[in-house]
Amino acid sequence: METKILPIDKDSLALSKSIIERGGAVAFPTETVYGLGANAFDDAAVRNIFAIKGRPSDNPLIVHVHAGYDITKLVSRIPEYTKLLAKAFLPGPLTMVYESHNKVSAAVSCGLDTLAIRVPSHGGAQQFLKYLDLPIAAPSANISKHVSPVTAQHVYDDLKGRVELVLDGGKCSGGIESTVLDCTGDIPCVLRSGLVTADMIAQVVGECHEYVMKEGEKVRSPGMKYKHYSPNCQTVLFEYAERSKAFEEYNKLLNEGRRAYFMCDDGIFKEFHPQNILNLGKDERQIAANLYDKLREGETVADIIVAVAPEKQDGVMVGVMNRMRKAFG
Ligand code: AMP
Ligand code: MG
C-alpha cells in the first residue's frame, strides 16, 4: 500500500472520509501527538488499528469527537463536574472516561464498561472530525512501544505501507499524550498525567485524585502498564542531582568511540555545553513539546543517549517525567 502525506484541505478531507467509510485508518494531527483514527462504530476497522500498530488487545482506545458532537449518544452518566471541566479545558488535551452506552465497537474499550472521550483543539483535527461527524477511535500513530509521533514524517517512518493517508498538520504543539481522567466516580481521578494537571483540575472542581497503581489491584488504565515511548538506541537517565556524573559518563562514552548524545534542558546545557546535544528547551511546556521529537532525532544520530532529568518535577513535569522514565526503561 502506498502511504500519502497530504496537507489538510478539501481534497484530502474527502479522501479521508472515503477511507474511513470503507473501514480504513487515517493518521491525523492533534495538539498532543498524531493519532491513527478509525470509525469507532466499525468493529473490523477498530480491530485493524490494533493490528497496524501491533498494540496489545487489552489497551483501550480514546474516542475523538469534534467540539459540537453530542456525547450523550455514546455515554450514559455525565457528572456535573465534567461539564465544568469541559468548559475550562475543552477543546484541549484532556480525555475524560465515562460510563459507556456500549454504542461504539466493544474493541474500543477492550471489554471495559467505560469509554474515554477527547475533543482535540488542533484546527486540523477539528476539521477532520467535523467533516466525518463520527466518533473516531484513535491511539497514537506509532508502532506500539515506540516513541509517539509529533510530526507527519514520524508517522510515515513508523507506518509507511500500513496506512493509506497521513494528514499533515505540522509539528504538534503539546508534545505528550492527553491527560486521562476517570470521571466515573464522585471525584475525578487522573489515570495518566499530561498537560492538564491534577492541580488545574482541582482548581475548577475542588478536588482531584491521582491514581497510583497498587499491587494486586485491577489496573484502571491498562495502557500504563506497558513499556512505552522507547527510542531504537541505548539510553541512560540520570537524576538532576547527578548531572555532573552524567556529563562524565557522556565524555567517557565519546572517548570509547561511541556516538553518545547528551539530552537535557537548556539550563543544564549551559552548565556543560556538550557538543552532541539534544536540547529539550527552557521551560516545562517546551520540554513537553520537544521530548518525543528529540528522542526520535536521538535514535537517528546516536547509539546511546545520556539524559538528565530537569530540576523541576511538579505540574506538567509529572507527565513529562512519567514518559521520560518509561522511555529510558
Ligand atoms: P494512547 O491512545 O496510545 O495514548 O493510549 C490511550 C490511553 O488511554 C491508554 O493509557 C489507555 O489505558 C487509556 N484509556 C483508554 N480508554 C480507557 C478507559 N475506558 N478507561 C481507562 N483508561 C482508558
Ligand atoms: Mg500510544
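Remember, it's 1-based here, ligands and their atoms both numbered in the order they're listed. If you read the sequence from its start, that first residue is 1, and numbering goes on from there. All values below were derived from every heavy atom in this structure, side-chain atoms included, with hydrogens, water molecules and symmetry-related copies excluded. Note that the structure is a prediction, hence the values are computed from the model and not measured.
At a 4.0 Å heavy-atom cut-off, ligand 1 does not touch Val33 at all. If you look at Leu61 next to ligand 1, the close heavy atoms, those under 4.0 Å, all belong to the backbone.
Looking at Gln203 and Asp199, their side chains never bring a donor and an acceptor atom within 3.5 Å of each other. Side-chain polar atoms of Asn48 and Lys53 form no donor-acceptor pair below 3.5 angstrom. Checking Ser148 against Arg323 by side-chain atom types alone, no donor-acceptor pair falls below 3.5 Å. Using modelled atom types, one finds a donor on one side chain and an acceptor on the other under 3.5 Å when comparing Tyr292 with Glu177.
Residues forming a side chain to side chain contact (heavy atoms under 4.5 Å, CB included) with Arg325 (at least two apart in sequence, or on another chain): Leu237, Glu239, Gln313, Met321. Partners of Phe128 according to the ring-ring contact (aromatic ring centres under 6.0 Å, His included) rule, which considers only residues two or more places apart in sequence or in another chain, are Phe28.
Taking distance alone, with nitrogen or oxygen atoms compared against 3.5 Å, Arg192 approaches ligand 1 more closely than that limit.
Around the Mg ion (ligand 2), the protein contributes the following N, O or S atoms at distances under 2.8 Å: Ser140 OG.
Between atom 1 (P) of ligand 1 and the options Arg55, Arg118, Glu99, Glu177, the minimum heavy-atom separation is to Arg55. Distances from atom 8 (O) of ligand 1 to the heavy atoms of Leu115, Ile62, Leu36 show the closest one on Ile62. In this comparison of Ile117, Val180, Thr114, Val63, the heavy atom closest to atom 20 (N) of ligand 1 sits on Thr114.
A side-chain donor-acceptor contact under 3.5 Å links Arg243 to the backbone of Tyr240.
Residue Pro139 has at least one heavy-atom neighbour below 4.0 Å for each of these atoms of ligand 1: 2 (O). Listed by number with element, the atoms of ligand 1 under 4.0 angstrom from any heavy atom of Ser140 are 2 (O), 3 (O). Close contacts of ligand 1 with Asn59, meaning ligand atoms under 4.0 Å from a residue heavy atom, involve 9 (C), 11 (C), 12 (O).
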Next on the checklist: Between Arg192 and Glu210, does the salt bridge (Lys or Arg N to Asp or Glu O under 4.0 Å) criterion hold? Intermediate values first, please.
Outcome noted: CA-CA 8 Å; Arg192 174 176 76 185; Glu210 282 176 90; over 6 Å; no
Item to check | Intermediate values then yes/no, salt bridge (Lys or Arg N to Asp or Glu O under 4.0 Å), Lys160 and Glu2 | outcome: CA-CA 8 Å; Lys160 180 174 48 136; Glu2 190 208 346; over 6 Å; no
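The ring pair (Phe, Tyr, Trp, His ring centres under 6.0 Å) pairs that include a residue from residues 179-211 number zero, where partners must be two or more places apart or lie in different chains.
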